[in-house]
Student: 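Have a look at the structure that comes next, please.
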Amino acid sequence: QQQVKQSPQSLIVQKGGISIINCAYENTAFDYFPWYQQFPGKGPALLIAIRPDVSEKKEGRFTISFNKSAKQFSLHIMDSQPGDSATYFCAASGDTDKLIFGTGTRLQVFP
Amino acid sequence: GAGVSQSPSNKVTEKGKDVELRCDPISGHTALYWYRQSLGQGLEFLIYFQGNSAPDKSGLPSDRFSAERTGGSVSTLTIQRTQQEDSAVYLCASSLVREGEQFFGPGTRLTVL
């Protein structure tokens with residue numbers, strides 16, 4: 001019940017395309033859903049986050065879509081760029097503050 | 001000042017040895033977290049410190065793992081009698097307040113031979 005399932009494991013997108021990464025959770029107590037971006041040799045950095053009172057949040061080219069009834073949320077990267085090539089992790093937390101992370105998606109954007 | 005720092009950046013040790021990993025959180029951050037990232041895996045929660053409260057140790061995988069946080073700032077993660085399965089990147093994060101954004105350090109890559 002504590003798991004966050006993430007897919008796909010890897011994703012290859014052409015420059016200018018849309019990258020979509022999906023996550024699903026079981027624990028209905030989760031109320032905070034962040035996405036982290038990690039470059040090789042670096043720690044993860046917060047990209048964008050959402051709480052379940054809204055169904056969508058957009059920041060620049062990055063959008064989180066949230067479906068509370070389906071217990072799913074996704075990250076959309078519009079106009080994907082080679083600089084977006086990184087590993088992306090979804091996560092969730094609830095009444096405790098520890099983040100439960102998905103297994104990550106390695107995104108490669110080719111020019 | 002600067003972000004979260006961790007030392008050493010890399011640690012190679014022999015099976016059975018003890019290791020200490022250090023984390024310097026962002027000044028003023030009250031919450032500090034340790035995670036473990038194994039190859040091809042997500043980040044696994046280990047332990048959480050919040051202010052003067054008792055730490056949440058629920059993620060520690062065995063009694064060989066322990067952590068302390070001195071003076072509400074620097075934290076040390078200790079792994080005793082290391083095993084090969086302990087090989088991973090150990091990440092530290094801090095946040096200003098509870099439920100705040102977690103800022104991660106660059107991690108310590110531990111290799112147990």
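In what follows, chains are A, B, ... by sequence order, proteins preceding strands, each numbered from 1.
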Student: Is it true that, when you exclude Glu14(B) itself, more than 12 heavy atoms of the residues, nucleotides or ligands shown sit nearer than 6.0 Å to its CD?
Tutor: no
Student: What part of Gln38(A) is in contact with chain B, defined as an atom under 4.5 angstrom from a non-hydrogen atom: side chain, backbone, both or neither?
Tutor: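 Just the side chain, heavy atoms under 4.5 Å.
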Student: Can you tell me how far OG of Ser95(B) sits from CG of Leu99(A), rounded to the nearest 0.5 angstrom?
Tutor: 9.0 Å
Student: Hydrophobic cluster membership, with links at side-chain heavy-atom distances under 4.5 Å among I/L/V/M/F/W/Y: are Tyr35(B) and Val112(B) in one?
Tutor: no
Student: Measuring heavy-atom distances to chain A, does Leu43(B) have an atom under 4.5 Å in its side chain, in its backbone, in both, or in neither?
Tutor: both
Student: How about Asn52(B): does its CG atom have over 12 heavy atoms from other parts shown lying under 6.0 Å from it?
Tutor: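 Check fails, neighbour count at 12 or below.
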Student: Grouping I, L, V, M, F, W and Y whenever their side-chain heavy atoms are under 4.5 Å apart, do Leu32(B) and Leu96(B) come out in a common cluster?
Tutor: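 Result: no, two separate clusters.
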Student: Between Tyr36(A) and Phe104(B), is the ring centre distance below 6.0 Å?
Tutor: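 Ring-ring flag for Tyr36(A)/Phe104(B): true, centres closer than 6.0 Å.
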Student: Kindly work out whether a path of hydrophobic side-chain contacts (I/L/V/M/F/W/Y, heavy atoms less than 4.5 Å apart) joins Leu21(B) to Phe49(B).
Tutor: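 Both belong to a single hydrophobic cluster.
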Student: Once you round to the nearest 0.5 Å, how far does OG1 of Thr103(A) lie from CD of Gln37(B)?
Tutor: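 Going from the OG1 atom of Thr103(A) to the CD atom of Gln37(B) covers 11.0 Å.
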Student: Would you say that more than 12 heavy atoms from the other residues, nucleotides or ligands in this model lie under 6.0 Å from the CD of Glu59(A), or not?
Tutor: yes
Student: Can you tell me how far CZ of Phe101(A) sits from CZ of Phe45(B), rounded to the nearest 0.5 angstrom?
Tutor: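 Answer rounded to 0.5 Å: 11.0 Å.
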Student: What I'd like to find out is whether the side chain of Glu101(B) reaches to under 4.5 Å of the side chain of Pro34(A), using heavy atoms alone.
Tutor: no
Student: Search all heavy atoms of Leu91(B) against all heavy atoms of Pro44(A) and return the closest pair with its distance.
Tutor: CD1-CD, 4.0 Å
